[in-house]
There are 2 protein chains.
Amino acid sequence: MVLPSLNDIKKAHARIEKYIHKTPVMTSSQINKITGAEIFFKCENFQKVGAFKFRGAMNAILQLSDEEKKRGVITHSSGNHAAALALAARTAGIKAMVVMPSSAPDVKVKAVKGYGAEIFFCEPNQAAREQTTADLIKETGAILIHPYDNFNVICGQGTATLELLEEIPSLEMVIAPVGGGGLLSGTSTAAKGITPRIKVFGAEPLNASDAWKSFTTGVLHPSVSPRTIADGLLTSLSELTFAVIRKNVDNIFTVTEESIISSMRLIWERMKIIIEPSSAVTLAVLMENPEVFRGRKTGIIISGGNVELDRLPFSKPYETGQ
Amino acid sequence: MVLPSLNDIKKAHARIEKYIHKTPVMTSSQINKITGAEIFFKCENFQKVGAFKFRGAMNAILQLSDEEKKRGVITHSSGNHAAALALAARTAGIKAMVVMPSSAPDVKVKAVKGYGAEIFFCEPNQAAREQTTADLIKETGAILIHPYDNFNVICGQGTATLELLEEIPSLEMVIAPVGGGGLLSGTSTAAKGITPRIKVFGAEPLNASDAWKSFTTGVLHPSVSPRTIADGLLTSLSELTFAVIRKNVDNIFTVTEESIISSMRLIWERMKIIIEPSSAVTLAVLMENPEVFRGRKTGIIISGGNVELDRLPFSKPYETGQ
């Protein structure tokens, strides 16, 4: 199995640079004071489609041959990767198909449609998704762009950390969320490639701790019925992302739902930026383990900002006229 | 009556520069597409204390004599000016007192306390506020720093537009919210001073349209029982801000509560930044009057980002496990 290298990520960056936003690195003196660490937030919530996923999708599409481009691309996802692939395909002038569960929230369906992809609904389970996708590939010859089990997607995701370490070369630690492991694979490959002594950590909800279990036991465990507010982190590692993570990652920390929600709220309130729950797991790791990060220059990948604003965990119903 | 000049604002900027954040100017291709305008958002939600108010408070405090500094400062406010004055006073090493209505939300009381000010509660009405403040001034000799009826405060508020026009000199229009008129006075003085042909507009809730009424009739009207979600815009113009606005402002637009809420949501969703309702009135003006702004380079002052996250106008109660 060939694992991505720092050089692959650098080439990906050169390839996608003119299509992506170079997102800002933000700091908060108040959150530094609370945690005792010196945190640098790489804000991929400001990336196109509101998530780092656009980097990987764009890189994968730009590496298709002309013949493959004619066939179009396909994926199954109800999340940020679906929107990212749709926009990346439109940017490259090719066709995109997205298989979504019939239970997908209307707002996500609209986003993917808005970027011009064709949507195919299926029953809301893994088997139906895969079958529907396989049928469509057979029928149309479309190229599957997997959300994370894809070398080029991983290289694209790593470019966020490339930019972060270019801007803050003195980082001692980096934390990224882990679901399927595409972001953590890219992050760790870039970080260890640039600064071998840097520590790289994964952040995972305790209620979806399959990556932690796999990392700790050395045996790949699938995700089983995860129930977490961090809805971007429900997926399982693949053989490829597991191999990269075992090689490059120093540890995976799990965090409670309460920590995720309070960390999300802390970032909203103090930094005035909107991040999704799946991004808040990183700060939650710092909040639950302050001793590991005290006094350390720590990079955090804020993976995205796509939140259903009418279903927030800290909101009571609004009463007018108060 | 002496009105502030561009030069006064430039001097204020030199004075406060090392204490304030130079806030970013953001753009959104999606919101440009929706409105047909080319909008530049000056993001004072990222300013210290989460609002432009810190500029004015800091400028006012830096111009006190040593003798006045010893006496400390006082204001009556339950909003952003209270927090701004508290932090500015702490920064300058002087004492601050804040008179707040007993009904002020706990989160605002905590913020002001957190910045080290001493709080005095009074009955929640204008007469009680003014009496309590007058009594305290008599007793302690503290210097009143009014939220907007203050030459130095107005000059400080104008520095946001100075930075905006330095970064985007080709702006054709600028919109700022108007409550008591401190921000709009500073904004219009800076903008017309730098670019005499620029159009400057005030944005006001229809449910608190006293500034519009004053501007239109040429007679100062007080704010009477305003009921709006834009809780930073409840106050009335003063003689000073009215004079500046009559001289420099081209028009004041009023907007509905529905427009304010949907504009706020649009910015949250598309730009991933948190702005308060009082800031959303500006985009609401663009949404309600697209013909005025179509194709125009328009600057918008995003005045602040202090929102009670557990009382949002677009939220339903959260159900776990969904």
Side-chain angles (χ1 to χ4, degrees), chain A residues 21 23-24 26-30 33 43-51 87 103 105 107 110-111 114-115 207 227-229 231 257-258 261-262 264-277 279 302 304-322, chain B residues 21 23-24 26-30 33 43-51 87 103 105 107 110-111 114-115 207 227-229 231 257-258 261-262 264-277 279 302 304-322:
Chain A
H21 288 316
T23 54
M26 297 182 81
T27 59
S28 164
S29 55
Q30 289 182 79
K33 209 170 155 189
C43 290
E44 288 295 300
N45 51 333
F46 295 137
Q47 189 50 265
K48 286 189 182 170
V49 314
L87 179 60
S103 59
V107 57
K110 270 190 190 154
Y115 292 123
N207 286 3
R227 282 170 71 92
T228 170
I229 190 175
D231 59 358
E257 296 296 296
E258 292 70 27
I261 293 170
S262 64
M264 176 168 148
R265 183 167 184 155
L266 190 64
I267 287 175
W268 285 41
E269 282 183 342
R270 305 300 170 107
M271 297 180 67
K272 312 301 181 194
I273 62 173
I274 294 187
I275 69 161
E276 56 192 51
S279 299
I302 295 296
N306 294 322
V307 180
E308 282 180 70
L309 290 179
D310 43 20
R311 251 191 79 235
L312 294 175
F314 33 68
S315 267
K316 296 167 198 148
Y318 182 73
E319 293 162 47
T320 47
Q322 274 201 352
Chain B
H21 288 316
T23 54
M26 297 182 80
T27 59
S28 164
S29 55
Q30 289 181 80
K33 209 171 155 188
C43 290
E44 289 294 300
N45 52 334
F46 295 136
Q47 188 51 266
K48 286 188 182 171
V49 314
L87 180 60
S103 58
V107 57
K110 270 189 190 156
Y115 292 123
N207 286 1
R227 282 171 70 92
T228 169
I229 189 173
D231 58 358
E257 296 296 295
E258 293 69 28
I261 293 171
S262 64
M264 175 167 149
R265 183 167 183 155
L266 190 63
I267 288 175
W268 284 42
E269 281 184 342
R270 305 300 169 107
M271 297 180 68
K272 312 302 180 192
I273 61 173
I274 292 185
I275 68 162
E276 57 191 53
S279 299
I302 296 295
N306 294 323
V307 180
E308 283 180 71
L309 290 178
D310 43 20
R311 248 192 80 235
L312 294 174
F314 32 68
S315 267
K316 297 168 199 147
Y318 183 73
E319 294 163 45
T320 46
Q322 275 198 353

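Every value quoted in this text rests on a predicted model; they were computed, and no experiment measured them. Heavy-atom basis, side chains included; hydrogens, waters and symmetry copies ignored. Chain letters run A, B, ... following the sequence lines, proteins first, then strands; residues in each count from 1.
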> Between Thr228(B), Leu309(B), Val307(B), which has the largest tally of heavy atom pairs under 4.5 Å with chain A?
Replying inline: Leu309(B)
>> Can you tell me which portion of Asn207(A) sits under 4.5 Å from chain B's heavy atoms? Options are side chain, backbone, both or neither.
In response: neither
>> Less than 4.5 Å to any heavy atom of chain A: does that hold for the side chain of Met271(B), its backbone, both, or neither?
In response: backbone
> Which value, rounded to the nearest 0.5 Å, describes the distance between Phe46(B) atom CZ and Ile302(B) atom CD1?
Replying inline: 10.0 Å
> Can you find a side-chain donor-acceptor pair between Glu44(A) and Thr23(A) that sits under 3.5 Å?
Replying inline: yes
>> Please enumerate all residues that pass salt bridge (charged side-chain N to carboxylate O under 4.0 Å, His left out) together with Arg265(A), with sequence neighbours excluded.
In response: Glu269(A), Asp310(B)
>> Applying side-chain hydrogen bond (donor to acceptor under 3.5 Å, both in side chains), can you list everything that pairs with Glu308(B), at least two apart in sequence or on another chain?
In response: none
> Relative to chain A, which segment of Asp231(B) carries a heavy atom at a distance below 4.5 Å: side chain, backbone, both, or neither?
Replying inline: neither
